[in-house]
Amino acid sequence: MNLAQLISEIAAKYADKPAIIFAGKTWTYQEFDRQVQNYATSLDLLGLKKGDRVAIQLPKCIEFLFFHFAILSIGAISLPLNPDYRPEEIVYFLTDSGSSLFVTNSQLLSKVRSAIQDLTELKILLKEELLPPTEVILPKYPAGGDDIAMICYTSGTTGRCKGAAISHRNLIANMKALHKAWEWSDRDILLHVLPLFHVHGLNVAALGCLYAGATMIMFEKFEPRQVWETLAAKNCTLFMGVPTIYQRLINEWGKLESQTDLQKMRLFVCGSAPLSDQQFYQFENITGFRILERYGMTETGMNASNHIAPEHRKAKSVGFPLEGVEIRIVNPEGKDVAIAEVGEVWIRGANIFQGYWGMPDKTAESFTDGWFHTGDLGFQDPDDGNRLYLVGRAKELIITGGFNVYPKEIENVLESHESVKESAVVGLPDNDFGEKVVAAIALNEAINITPEELIAHCKIRLAAYKCPKQIFFVSELPRNAMGKIQKNILVQQVSTSL
Ligand code: AMP
């Protein structure tokens, strides 16, 4: 089925119920659906057809959602783009996807206008210039389950960004699995502070809410105090964030004048990057809530999640495969590793994307017999129902003197020291060892420590080959919009300071 059609049917069921509250304005399900139909009509009148690609680059706004679902309604393919992308990046995404239409606003257009002037076939639609159609053409939903609904460019850290082509069926399968796992209902009220251009904010949080017939309160930007106040004042039940967001919520909690009433809250969900055990326990200590960590990626949607029952949520674990998702841990030869050993996580299921747009070779390389190679390293704990733990990206594995070092293990040890706010461990080329272990550290304020003392802290807890040979202090670690540490940038930074 077409995802937009499914959401439209849900909208009919919950017609008068608030669907989205954005910037103080409430949109009922019926109003939301009408807007989607208006926008779909406008896109239809612009001549867009099934399979055409439409790129949307907008700051977080309600119109983003109208456009997105309108694009799906007419069977076209939605391509959400980060408003922070630079002109050269935009040119690449528009060209690589062969987009017919670029939806943006005048401010963002002014930055890319000269860069895109050679794309003569490209139509441009400014959000503020879109007029409501005089007559609405009801969507016929020409695209079905197996058709591509979205192309999401991976936040790739090496080489060209790849466009993950995701079908309507992929999105719906994932949504259904999450609904079951997290027990969504139409009584839920979600506080939405994530960007809409990323799968976490769009396909998990926003889509999950609409699919449940729930209500979503959306803020353009994340502001920790506003989150604590709104969760209490608006009886929110659900919140989704990335570790950086949770860290800032923890920091803000101590500054609140009175305790926040979280009686209606049922679930704090975290993903997109590893949540440290410090963050997990600190959050539990202050709020009484155990964060539910889940694991997903652009290409796959959500793969694994901790259990809804708080007593079955564990720090540093991403839980168990979601319904319909299968997980294997394999060695570099593509064979299953021995029980509890670290290997690459391979995934199979209805949630897995259809391939990389225009890159058949990359797609072929990324699959074996229907199993998608995630590039994540992890292991399963046989004593706990094969609970999944991630230890880092395969590309970030450090091989020093022939030994494998998983950066996460070293980062955990470094972060167990009271002086360390956050850390990132990378491998740098080394004549003797092939690679050497190096750590970048952001320190907690007002605690003095030397690199040698931190290395000594590691030596007590880790085999010598795993201990950092050098430590660099930085004011903060480079992160992307989803809070993921950009280790490629870090490697450049530390290499130049050597
Ligand atoms: P993206 O495609 O931008 O969503 O990034 C996906 C990648 O984020 C995954 O392949 C993992 O490396 C990482 N990731 C997502 N969720 C988690 C998590 N809960 N813990 C650790 N890493 C995660």
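What you see below is based on every heavy atom in this structure, not just the backbone, and it leaves out hydrogens, waters and symmetry mates. When a ligand or atom number is given, it counts from 1 through the structure's own listing order.
Atoms of ligand 1 found under 4.0 Å from any heavy atom of Pro274, numbered from 1 in the order shown, are 20 (N), 21 (C), 22 (N). Of all atoms in ligand 1, numbered sequentially from 1 with element shown, those under 4.0 Å from a heavy atom of Arg393 are 10 (O), 12 (O). Less than 4.0 angstrom separates some heavy atom of Val318 from each of these atoms of ligand 1: 18 (C), 19 (N), 20 (N). Remark: ligand 1 atoms within the under-4.0 Å shell around heavy atoms of Leu390 are 20 (N), 21 (C), 22 (N). In the vicinity of Thr298, heavy-atom distances shorter than 4.0 Å reach the ligand 1 atoms 1 (P), 2 (O), 3 (O), 4 (O). Numbered from 1 in the order shown, with element, the atoms of ligand 1 that lie under 4.0 Å from a heavy atom of Arg294 read 16 (N), 18 (C), 19 (N).
Side-chain atoms of Val269 and Arg294, non-hydrogen and from C-beta on, do get closer than 4.5 Å to each other. The shortest distance between side-chain heavy atoms of Gln279 and Glu293 does not fall below 4.5 Å. When side chains are defined from C-beta on, Tyr389 does not count as touching Lys408, because their heavy atoms never get closer than 4.5 Å.
Within the structure, ligand 1 lacks His200 among the residues with a heavy atom less than 4.0 angstrom away. At least one heavy atom of Asp376 sits less than 4.0 Å from an atom of ligand 1. Residue contact check for ligand 1: Thr374 places no non-hydrogen atom closer than 4.0 Å to it.
Polar contact check, Glu299 against ligand 1: no nitrogen or oxygen pair lies under 3.5 Å apart. Checking only distances, His198 does come within under 3.5 Å of ligand 1, N or O to N or O.
With sequence neighbours left out, Arg328 forms a side-chain contact (heavy atoms from CB on, under 4.5 Å) with Val330, Asp336, Trp346, Trp371.
Remark: side-chain polar atoms of Arg86 are paired, donor with acceptor, to backbone N or O of Asp84 under 3.5 angstrom. At least one donor-acceptor pair closer than 3.5 Å links the side chain of Ser495 to the backbone N or O of Val491.
Considering Ser305, Ala394, Ser272 only, the shortest heavy-atom separation from atom 13 (C) of ligand 1 involves Ser272.
Among all heavy-atom pairs drawn from Glu344 and Thr374, the shortest one is OE2-N, 3.5 Å. Minimum interatomic distance between Ile441 and Ile471 (heavy atoms only, all atoms of both residues): CG1-CG2, 3.7 Å.
Contacts with ligand 1 closer than 4.0 Å are made by side-chain heavy atoms of Glu293 only, the backbone lying farther away. With a 4.0 Å cut-off on non-hydrogen atoms, Cys270 does not touch ligand 1 at all.
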Identify each donor-acceptor pair in which a side-chain atom of residues 202-216 lies under 3.5 Å from a protein atom, sequence neighbours left out, and give them as a table.
unit_1 : atom_1 : unit_2 : atom_2 : d
Thr215 : OG1    : Pro18  : O      : 2.7

